[in-house]
Amino acid sequence: MRKQDIGFDYHRYHRLLLDADDESKRLALIELLIEEKARDRLAAQRASDRAAMTAHTIANVLKNGRN
């Protein structure tokens, strides 16, 4: 078995899967998984953008300090 991702709530998803005893519940679970993955990717992209902006600002400050 592979390592569980940090932030991946294995027990929650397992419980939801066990409760998904009809088609509508299975589809709802699939939608939930898709939405949560999309939200995680968006959060990661925002963090990356913030880090890039911070690095750019620091580079500009250091560059202007040398003049």
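Just the heavy atoms: all of them, side chains too, but no hydrogens, waters or symmetry mates, feed the values below.
Interatomic distance, CG of Asp19 versus CG of Asp21, reported as 7.5 Å (0.5 Å rounding). Note that CD1 of Ile30 is 10.0 Å distant from CG of Leu17, once rounded to the nearest 0.5 Å.
For Glu31, there are no salt bridge (Lys or Arg N to Asp or Glu O under 4.0 Å) partners two or more places apart in sequence or in a different chain.
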Review item, side-chain donor-acceptor pairs of residues 43-57, under 3.5 Å, at least two apart:
| from | atom 1 | to | atom 2 | distance (Å) |
| --- | --- | --- | --- | --- |
| Gln45 | NE2 | Asp49 | OD1 | 2.9 |
| Thr54 | OG1 | Arg50 | O | 2.9 |
| His56 | ND1 | Asn60 | ND2 | 3.0 |
| Thr57 | OG1 | Met53 | O | 2.9 |

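At least one side-chain heavy atom of Arg12 sits less than 4.5 Å from a side-chain heavy atom of Leu16.
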